[in-house]
Amino acid sequence: MSEPVDREPAGGRHHKPFDDTADVPVIGSEDVLAAPVNSYSGPPSAPRPPARRSPWNRPRDRVVAALILVAALTGGLLIWAGSESRSTISQTAQKGQPLPPAPDAVPGSLTELWRAPDGAVPVPVAGETTVVTASGGDVLGRDPLTGAVRWQYSRDLQLCTASRAWTHVLAVFRKDGLNNESGCSEVVELDPDTGHRTAQRTGSAQLGTRLVSDGAYVTAYGPTLLNTWRDDLVETVEYGRVPALVNPGKQPRTGCSYGSVAAAAGQVGVLERCPRDQGDRITVLQAVPKDSDQPEVSYSQVLPGTSAQLVAMSGDNAAVAMPAQRLLLIYGPDGSQIAAYPLDLPAADLARDPAGGVASTSVTSSNVYWFTGSKLMALSRDTLTPLWTLGSALGPGVMFDHQLVVPIQGGLAVLNEQNGSTIRTIGLDRHGYTGPVRLTAVGPVLLEQRGDTVVALR
């Protein structure tokens, strides 16, 4: 029998194991994850600190966290509950469809389409495709042909006034202002055709305010304070008794009261009554002064009498009615009197200041129309020279269907702008209303403001 033969394993040559007493381990029994024998592994590792217990695992900490969360939620809820957003309803709309074109001439008869409350608006307000009414705390955009509400902006505050300005609608709400003075401090600018809010400010307009615009700037009238804003509602100037005055000595006169206001060509005119003056005073100031905290006065002139009324401004001229003298005085750009015209008006027409400090006027490309209270007086737009007078009027005229239309007793009169001659009259039943009427036209629709109500006619 032959002797057994050692066979080489498949993984390599077969070796006999080393002696158990050797310093080297037996091949095949080595732990390859262990560090080699006699190798240096550095100093011994420091003992690992025990894991830190979360502070929120303790019941006391959980209670504190819950209290913080409840306080944050409660505070946020209280802020929201008292915020403007909580007390505001804003429902916007897409711009309405274009209106039918206006006819070439005023039709021979007009029919009432709809009517709506509109107590905060002295003159009807309209955009390109929408009529805007304002009453109570609601500003509503309506379809001109049906009166249906298209958009809504409402506050839990009472409206002081609303007016068309630039291409927007300004709504002024009653709210206490600085030093808790009662006033009309919340001002919102809205797109008339969609109801989207385009600007907002908190100001210091006074109670009874009305808005007057020269096309570029708007001034809020108050009995002792004027505020002027540009089209993003940034205030450009304050004039008069400024609340919380930061820089004293900037206002020319702070002890005066105001009777009426007008604006034109980047200037604001105001009729002042000051204790030390023998007569009323007309003051014209820049809508945007060089220094924002100091009014820039173009001129200030004491008038030859009292109970005056600032009727209108056009370009650099200003027209002032003097009831005692029965004169209409025209003042030029430097404050000098350049003309005087007789006024044949009933004493009651000028017995008091105009409502809201703004005379009842309208402007066309040719003339300025002033409703005195019983008559309509046409003034040249260039010079404010009186041109003609119409009796039995109820308000100033507007251009409607390419013609001048004036509200009169019993209806409307279509007039020639050049000489005031009557082209024709249109009978209209106002259902017992006999007070002043203000007009606005939008497309083929004529709007009549009768007191606290607007009426759409076509």
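Residue numbers start at 1 and run along the sequence shown.
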Under the side chain to side chain contact (heavy atoms under 4.5 Å, CB included) criterion, do Arg381 and Val363 qualify, and how do the steps go? CA-CA 8 Å; Arg381 182 167 180 173; Val363 182; 3.6 Å; yes
Would you check, one step at a time, whether the test side chain to side chain contact (heavy atoms under 4.5 Å, CB included) holds for Asp118 with Gln449? CA-CA 8 Å; Asp118 203 19; Gln449 188 76 31; 3.0 Å; yes
Audit row: Cys184, Leu207, side chain to side chain contact (heavy atoms under 4.5 Å, CB included) steps and yes/no: CA-CA 6 Å; Cys184 303; Leu207 290 179; 4.0 Å; yes
With salt bridge (Lys or Arg N to Asp or Glu O under 4.0 Å) as the test, would you mind laying out the steps for Glu189 and Arg201 before giving the verdict? CA-CA 9 Å; Glu189 182 183 86; Arg201 72 165 290 113; over 6 Å; no
Let me see the working for Glu272 and Tyr239 under side chain to side chain contact (heavy atoms under 4.5 Å, CB included), right down to the final yes or no. CA-CA 11 Å; Glu272 299 187 75; Tyr239 184 79; 3.0 Å; yes
Dump the intermediate steps for salt bridge (Lys or Arg N to Asp or Glu O under 4.0 Å) on Asp344 and Arg326, then the final yes or no. CA-CA 7 Å; Asp344 183 15; Arg326 302 176 66 86; 3.7 Å; yes
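At a threshold of 4.5 Å between non-hydrogen side-chain atoms, the residues His168 and Arg197 do not count as touching. Between Thr283 and Val297 there is a side-chain heavy-atom pair separated by less than 4.5 Å. In this structure, the side chains of Pro444 and Leu99 come closer than 4.5 Å at one or more pairs of heavy atoms. Within the 4.5 Å cutoff, no side-chain heavy atoms of Thr383 are placed close to those of Ile330. Arg281 is not listed as a side-chain neighbour of Arg273, based on a closest heavy-atom distance of 4.5 Å or more. By the 4.5 Å heavy-atom criterion applied to side chains, Ser362 and Leu439 are not counted as neighbours. Using a 4.5 Å cut-off on side-chain heavy atoms (C-beta onward), Val414 and Thr425 make no contact. The shortest distance between side-chain heavy atoms of Lys95 and Asp191 does not fall below 4.5 Å.
For Trp388, the ring-ring contact (aromatic ring centres under 6.0 Å, His included) partners two or more places apart in sequence, or in a different chain, are Tyr369.
The distance from atom CG of Leu140 to atom CD of Gln91, rounded to the nearest 0.5 Å, is 10.0 Å. Rounded to the nearest 0.5 angstrom, Tyr433 OH and Glu448 CD are separated by 9.5 Å. In this structure, Arg150 CZ and Gln94 CD are separated by 8.5 Å, a value rounded to the nearest 0.5 Å. Atoms NZ and CG, from Lys375 and Leu343 in turn, are 9.5 Å apart once rounded to the nearest 0.5 Å. Once rounded to the nearest 0.5 Å, the distance linking CD of Gln97 with CG of Asp143 reads 10.0 Å. Atom CD in Gln309 sits 9.5 Å away from atom CG in Asp349 (nearest 0.5 Å).
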List the atom pairs, donor and acceptor, that lie under 3.5 Å between side-chain atoms in residues 391-412 and the rest of the protein, sequence neighbours left out.
from	atom 1	to	atom 2	distance (Å)
Gln403	OE1	Val106	N	2.9

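Considering every non-hydrogen atom in both Pro323 and Leu350, the closest pair reads CB-CB, 3.9 Å. Here the closest heavy-atom approach between residue Leu110 and residue Leu446 is recorded as CD1-CD2, 4.1 Å. Scanning all heavy atoms of the two residues, the minimum distance from Pro386 to Leu328 falls at CG-CD2, 3.8 Å. Here the shortest heavy-atom pairing between Ala126 and Val442 reads CB-CB, 3.9 Å. Closest of all the heavy-atom pairs between Leu310 and Val270 is CD2-N, 3.8 Å. When all heavy atoms of Ala340 and Leu329 are compared, the pair lying nearest together is CB-CD2, 3.6 Å.
Counting only distance, with no hydrogens or angles, the side chain of Gln325 and the backbone of Pro304 share a donor-acceptor pair below 3.5 Å. The backbone N or O of Ser421 lies less than 3.5 Å from no partner atom in the side chain of Asn416, so there is not a single donor-acceptor pair. In terms of modelled atom types and a separation under 3.5 Å, the side chain of Asp193 and the main chain of Thr129 share a donor-acceptor contact. At distances below 3.5 Å, not a single donor-acceptor pair connects side-chain atoms of Arg115 with backbone N or O atoms of Val455. Put simply, the side chain of Ser185 gets close to the backbone of Lys175: a donor and an acceptor are under 3.5 Å apart. Formation of a donor-acceptor pair under 3.5 Å by the Glu112 side chain with backbone atoms of Leu457 is not found in this model. One N or O on the side chain of Thr209 and one on the backbone of Tyr221 form a donor-acceptor pair closer than 3.5 Å. A donor-acceptor contact shorter than 3.5 Å links the side chain of Gln206 to the backbone of Leu225. The backbone N or O of Trp370 lies less than 3.5 Å from no partner atom in the side chain of Thr361, so there is not a single donor-acceptor pair. Checking side-chain atoms of Arg142 against main-chain N and O of Val131 turns up no donor-acceptor pair under 3.5 Å.
Side-chain polar atoms of Thr228 and Thr219 form a donor-acceptor pair below 3.5 angstrom. A donor-acceptor contact closer than 3.5 angstrom links the side chains of Glu235 and Asn227. For the residue pair Thr111/Arg458, the side-chain donor-acceptor check at 3.5 Å is not satisfied. Between the side chains of Ser154 and Asp138, a donor-acceptor pair is found at a separation under 3.5 Å. Side-chain contact annotation: Glu238 with Ser204, donor-acceptor N/O pair under 3.5 Å present. A side-chain donor from one of Ser298 and Gln286 sits under 3.5 Å from a side-chain acceptor of the other. Donor-acceptor pairing under 3.5 Å is lacking for the side chains of Ser380 and Asp382.
Of the residues listed (Leu211, Val188, Leu157, Leu159), the one engaging Val172 in a side-chain contact (heavy atoms from CB on, under 4.5 Å) is Leu211, and it is the only one. The side-chain contact (heavy atoms from CB on, under 4.5 Å) test with Pro252 is passed by exactly one of Pro295, Cys274, Ser300: Pro295.
Within 6.0 Å of atom CG in Asn419, more than 12 heavy atoms from other residues, nucleotides or ligands are found, so the atom counts as buried in its surroundings. More than 12 heavy atoms of other shown residues, nucleotides or ligands fall within 6.0 angstrom of atom CZ in Arg450. Summarising the local packing, CD of Gln278 is surrounded by 12 or fewer heavy atoms from other residues, nucleotides or ligands at distances under 6.0 Å.
With a 6.0 Å cutoff to the six-membered ring centre and a 45° limit on the axis angle, Arg230 does not count as a cation-pi contact of Tyr217.
Within the structure, no pair that satisfies the disulfide (SG to SG under 2.5 Å) test touches residues 365-437, not counting sequence neighbours.
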